[in-house]
2 protein chains.
Amino acid sequence: MNDSTIIDVARRAKVSVATVSRVLNSSSAVSPKTKTRVLKAIKEMNYTPNAMAKNLRSSKTMTLGVVVSDILVSYYAEIIKGIENTAIPFHYNILICDAQNRKEKELEYMSLVKNRTVDGMILVAPLLTNQELIHLAEEGYPIGIVGRFIDHPNIPCIYTDNVKASHEVVNHLIEEGHEKIAFLSGYADAVDSYERLEGYMKSLRDAGRPFIPELIENGNFNETGGYDAFRRLLAKNIGFTAVFAANDEMALGVYKACEELSIEIPSQMAVVGVDNNRISKYISPKLSTVDQPKFTMGALLAEKLIDQLNDNVYTDKMRFKVDSTLLIRGSSHRKK
Amino acid sequence: MNDSTIIDVARRAKVSVATVSRVLNSSSAVSPKTKTRVLKAIKEMNYTPNAMAKNLRSSKTMTLGVVVSDILVSYYAEIIKGIENTAIPFHYNILICDAQNRKEKELEYMSLVKNRTVDGMILVAPLLTNQELIHLAEEGYPIGIVGRFIDHPNIPCIYTDNVKASHEVVNHLIEEGHEKIAFLSGYADAVDSYERLEGYMKSLRDAGRPFIPELIENGNFNETGGYDAFRRLLAKNIGFTAVFAANDEMALGVYKACEELSIEIPSQMAVVGVDNNRISKYISPKLSTVDQPKFTMGALLAEKLIDQLNDNVYTDKMRFKVDSTLLIRGSSHRKK
DNA sequence: CTGAAAGCGCTAACAG
DNA sequence: CTGTTAGCGCTTTCAG
């Protein structure tokens, strides 16, 4: 166990603790001779500075919290990889928080920034409302958002245009000749759900198609939810030939139901998801989906938040919109 | 921002800091009246105790580090879920460390336990050798291992019998009528690789088959590595009809190569992996693989480590062997 | 270039 | 039941 403190090292090197601290942090010049002596003592005692003491004194923990809905979903994991990619070089650690798709959990985790366990918090596609988020930022807590636009000078955010992406998907489906297109939304209170639904409706409107409310079902953004929702849809006997799932997880549920019911994708049922989940290109047929530059989104946002943490730079550009791209794969391309 | 300290609260409630601390931690009785007053002050000032100060004082951070090789691999993500499942109720946070398949990284992360950023460290299928791990434990750092047996009284560990699992896989392949079975190992220095190879050889021996060294290739435990290794294997023209990949990621690489070369699975090439990665049951044909109770493994190990952290219980049972099960799916079941 | 000393915010004796 | 006080281990003025 490492029990030695800076005092022990100082004693052994016959210098003051201040000097030891100086060589530890290269904070100011120390004569080469004393420096060597201190270094030697440190090595001999196998001394490691106590991070808690350092944190307390410097009011920094050098760790960033990252709240995601579900660590098992590759979409989040890739964003985390991106965050990590910028955090590591800046010597920040990452505290991952798995909110298990629950808003209360998300809120609970915010105490980590309040009690100074982390220096800042990155929320990925949070369930918290903009208002709640803004409230936190105004209390002075450094937070950043991935996957949502939020109009506040203190909150860096990076997002894609959900309405546009969704609009593109539905247009594609219409072009493929589908008349009735179902929509699987996520939890009703998620902004993503709402925006994707908006794009869906816009497409219908543009194409002069009627909006049929029965064609909408909520699948809670997860596989079983998607499965159930799709079965409910089917039970209504509306005769739709395509489903747009607001994320890939729900699309996976659709695949499962189709397999059980021997509905062939895409000839009898076209399917499109969103997220470009890792699984989407392994399943058969490959799932058409909307890709976002996840890694980059995480990396860039982390950079901005770290900037803010260190220089209190709020003036800089803080809001980033990145493009998403529709990947048309086997699940939605009708055989001629 | 939360700038108020316990002193401010004390002042406002007209009590001493000790009393505030008492109500905060319910560490000893406080009269209902003062308690209410303190609580009121806390609420009014929107006070949150500073975790760093608390940590320093109590020499506890209530966080556990978890080192995994790659957070994107669902195998690790599920273990993390298990760890989380026991950590949360015990009020521990989890600091995820993504070692990016590199041993130096793993070692670097160990500084988190040395410098007291975390109270203990869980290593999942580490690249560090038993010796290195034991060294750390003997220096007094609380560590636990998931996915490997390690014979040391201070190191809780949970593992499956790799030799046996691998033995089972190869037996299955032999029963399916395969004569020449290739083996894709991971990095040469990983214990898992070694043990899985051992089981492979044992099966051949038991069945009176010759061991052909050319049938072994290293795929580094990842998809592209598996792809490359499989292509190298093919290039040797040995005429094997089955591959046992030491993990599912490499098996995915085999699938990719087979698709490119129009080799049909399983009729022309049987494939079996290990891990029961989430993707394995979505690909077509479904991948035969070896399942481990990942969630349970994480949960149980975390429990043991936390026990150790709190009570210094080293006497308790510390090493757990759990059963893995061979899941025979489409990729290795020869059509009659 | 080096040392002394004042805390960072909290907990836990100890005394009352 | 409540208050006083001594640190936890470190960084950082301020003097020298």
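If you're wondering where the values come from, they're calculated on a predicted model, not measured in any experiment.
- If you walk DNA chain D from 5' to 3' and mark each nucleotide with an atom closer than 4.0 Å to a heavy atom of chain A, the marks span dG9(D) to dT13(D).
- By the 6.0 Å contact criterion, CD on Gln131(B) is open, its count of non-hydrogen atoms from other residues, nucleotides or ligands being 12 or less.
- OP1 or OP2 of dT11(C) has at least one side-chain nitrogen or oxygen of Asn25(B) nearer than 4.0 Å.
- Using a 4.0 Å cut-off between charged nitrogen and carboxylate oxygen, Arg148(B) and Asp192(B) do not count as a salt-bridge pair.
- Between the side chain of Gln100(B) and the backbone N or O of Lys105(B), no donor-acceptor pair lies under 3.5 Å.
- For the pair Ile6(B) CD1 and dG7(C) P, the computed distance is 18 Å after rounding to whole Å.
- Within the 3.5 Å criterion, the main-chain N or O of Asn222(A) finds no donor-acceptor partner in the side chain of Asn220(A).
- For the pair Lys60(B) NZ and dG9(C) P, the computed distance is 23 Å after rounding to whole Å.
- Among the candidates Val68(A), Ile71(A), Asp98(A), the single residue satisfying the side-chain contact (heavy atoms from CB on, under 4.5 Å) test with Tyr76(A) is Val68(A).
- Aromatic pair Tyr159(A)/Phe320(A): ring centres not closer than 6.0 Å.
- When only modelled atom types and interatomic distance are considered, Asn50(B) and Lys114(A) share no side-chain donor-acceptor pair under 3.5 Å.
- Atom P of nucleotide dT11(C) and atom CD1 of Ile7(B) are separated by 12 Å, given to the nearest angstrom.
- None of Asn55(B), Asn310(B), Asp119(B) except one satisfies the side chain to side chain donor-acceptor pair (under 3.5 Å) rule with Lys60(B); the exception is Asn310(B).
- Taking 4.0 Å as the cut-off between side-chain N and carboxylate O, Lys103(A) and Glu108(A) do not count as a salt-bridged pair.
- In this structure, Ser21(A) reaches the bases: a heavy-atom distance under 4.0 Å links it to at least one base atom across the strands shown.
- Nearest nucleotide to the side chain of Arg57(A), out of dC1(C), dC8(C), dG3(C): dC8(C).
- Within residues 30-40 of chain A, the residues having any heavy atom closer than 4.0 Å to DNA chain C are, in order of number, Val30(A), Ser31(A), Thr34(A).
- Inspection of the Asn101(B) and Tyr187(B) side chains reveals an N or O donor paired with an N or O acceptor under 3.5 Å.
- We find that CE of Met52(B) is positioned 14 Å from C1' of dG7(C), with the value rounded to whole Å.
- Atoms CZ (Arg116(A)) and P (dC8(C)) sit 15 Å apart, rounded to a whole Å.
- Of all the residues in residues 8-18 of chain B, Ala18(B) reach under 4.0 Å from DNA chain C with at least one non-hydrogen atom.
- Shortest non-hydrogen contact noted between Ala299(B) and Thr86(B) is O-CG2, 2.9 Å.
- Applying the side chain to side chain donor-acceptor pair (under 3.5 Å) test to Asn85(B) and every residue at least two apart in sequence or in another chain returns nothing.
- Remark: DNA chain D forms stems of 3 or more consecutive Watson-Crick or G-U wobble pairs, all pair distances under 3.5 Å, at C:1-16 with D:1-16.
- Every pair passing salt bridge (charged side-chain N to carboxylate O under 4.0 Å, His left out) that includes a residue from residues 13-42 of chain B is listed here, sequence neighbours excluded: Lys40(B)-Glu44(B).
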